[in-house]
Amino acid sequence: MTEAVKKLIDTLHDAHTLTTEEYERLVVGYSTEAAAYAAQKADAMRRRVFGNTVFIRGLIEVSNLCRNDCYYCGIRCSNEKCDRYCLTAKQILECCEEGYQLGFRTFVLQGGEGCLAVDDVTSTVREIKRRYPDCAVTLSLGEYSFEEYRRMRESGADRYLLRHETADREHYERLHPSSMSFDNRMRCLHDLRVLGFQVGCGFMVGSPYQTPRHIATDLKFIEEFAPEMCGIGPFIPQKDTPLGDHPAGTADLTVYLLSLLRLMHPELLLPATTALGSIGSDGRERGIRAGANVIMPNLSPPSERQKYALYDNKLSSGDESAQAVAHLRLSMQTIGYEIVNARGDHPDAHIQN
Ligand code: SAM
């Protein structure tokens, strides 16, 4: 690690801000030594804010129907090989009941873009909140109008995850068809913020055509937008997509970026994602040790899990499965962390009941 990189990591730790050029130098300056240095500082930072706790979220993949056509994603609407499904409200509520008994106090309803009608989303959220008033509901269902997001928020949804995918317009346009709009994605994130959701953005590490400058632009965007949550994971090719022959991103760079995000925003809810767990056997543990503090085990009905195939070899069993949470607890204890049965809100969040 050069002295310049070490100094930049120290500045990010102390001031929580860098210029885009400085972020770029940190990305280009990646080395195992720099990553270890950043991870040690990031872990100390997360322990100051959150102790050794890890929050768990029950991930319910409500449908793989999608009206979008992202060039990298296995559930894009033109992928005819994707075997489509859509959970009923009853199935979603059964997942919640199982998750509640297992100790989950946040349910994440994630699915393809526009897969559920807004009326169905709001009635399901209302019912979840009625049955489990001590639980948080996170939605991750893609782009909607301000008015539609307003109805979701009023039904009781607490958080919304919408990865920005890339903060560089040209890069965005290489990853998506012209029917999709960078400006609309950004508009959505701002609307969600205005409506009082705890908001999550994020991007894929090593996505096709991504340069260190793009990653630096992402980091600067995340610094300024200051989301409550941020999801990053390696790009992993899916063979039936137009970008299916591009190489995967690496766990090493993803873990390093998780540390930088922790130093940038000490209070961030930062998951060690499924994609990170899918790319290397100890990806999730490495992410947690490097500053991540959230894990999202899969609560979807086992019969449908394989169908939510965003990328090849996506994990959905073993410790990735919500039913294995007792084992996950032990794995985390072994490396010095404690899974807690709490909602796990952002420290600054204003909670409405
Ligand atoms: N429809 C919602 C949305 O647009 O935010 C949520 C579902 S979307 C499929 C969830 C995330 O999966 C995307 O934001 C994208 O970053 C990630 N993803 C899709 N294809 C991927 C791939 N091939 N490798 C890694 N991550 C991928």
Side-chain angles (χ1 to χ4, degrees), residues 57 59-79 82 84 86 108-116 121 138-144 148-149 152 157 159-167 171-172 175-177 179-182 184-189 191-192 197 199-210 214-215 218 222 227 229-251 253-254 257 271-280 283 296 298 300 307-316:
R57 311 334 191 165
L59 179 63
I60 307 172
E61 294 163 337
V62 294
S63 173
N64 62 3
L65 289 164
C66 190
R67 65 174 171 226
N68 278 345
D69 218 10
C70 310
Y71 295 143
Y72 47 83
C73 182
I75 66 169
R76 64 197 299 266
C77 62
S78 354
N79 183 7
C82 178
R84 306 285 167 176
C86 184
V108 181
L109 273 49
Q110 183 167 83
E113 194 88 9
C115 61
L116 298 183
V121 176
T138 304
L139 298 177
S140 179
L141 301 169
E143 299 173 24
Y144 286 89
E148 289 169 323
Y149 283 145
M152 294 181 196
R159 312 184 189 127
Y160 205 104
L161 296 173
L162 185 79
R163 289 188 178 185
H164 64 282
E165 309 298 1
T166 167
H171 187 216
Y172 184 92
L175 297 176
H176 303 95
S179 53
M180 294 179 65
S181 147
F182 175 80
N184 195 51
R185 195 107 187 140
M186 291 296 173
R187 190 270 306 157
C188 288
L189 284 170
D191 284 356
L192 291 164
F197 284 99
V199 184
C201 62
F203 64 97
M204 293 177 291
V205 178
S207 64
Y209 318 117
Q210 187 183 59
H214 291 145
I215 297 178
D218 286 319
I222 295 166
M229 309 170 284
C230 184
I232 66 164
F235 162 73
I236 304 176
Q238 202 286 338
K239 59 181 178 359
D240 303 315
T241 61
L243 299 175
D245 56 1
H246 282 252
T250 65
L253 186 57
T254 306
L257 294 175
T273 56
T274 306
L276 181 57
S278 298
I279 201 140
M296 297 166 61
N298 199 320
S300 313
K307 298 182 190 165
Y308 200 77
L310 308 180
Y311 44 82
D312 294 332
N313 306 316
K314 178 170 164 279
L315 280 188
S316 63

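One-based numbering, in listed order, for ligands and for the atoms of each. Predicted model only: the values in this text are computed from it and were never measured.
- Residue contacts with ligand 1 include P234, since one or more of its heavy atoms lies under 4.0 Å from the ligand.
- Residue contacts with ligand 1 include R185, since one of its heavy atoms falls under 4.0 Å from the ligand.
- Note on residues 235-249: pairs passing salt bridge (charged side-chain N to carboxylate O under 4.0 Å, His left out), not counting sequence neighbours, are K81-D240.
- Distances shorter than 4.0 angstrom occur between a heavy atom of E165 and an atom of ligand 1.
- Judged as a salt bridge (Lys or Arg N to Asp or Glu O under 4.0 Å), and not counting sequence neighbours, the contacts of R187 are D191.
- Taking the six-membered ring where tryptophan is involved, the planes of Y160 and F197 are perpendicular, since the angle between them exceeds 60° and thus also 30°.
- Proximity of S140 to ligand 1 is established by a heavy-atom distance of less than 4.0 Å.
- Checking only distances, Q238 never comes within under 3.5 Å of ligand 1, N or O to N or O.
- A275 does not count as a contact of ligand 1, since none of its heavy atoms falls under 4.0 Å from the ligand.
- A heavy-atom separation below 4.0 Å is found between Y308 and ligand 1.
- Ligand 1 does not have C66 within reach: every non-hydrogen atom of the residue lies 4.0 Å or more from it.
- In this structure, atom 12 (O) of ligand 1 lies nearest to the protein heavy atom L310 CD1, 3.5 Å.
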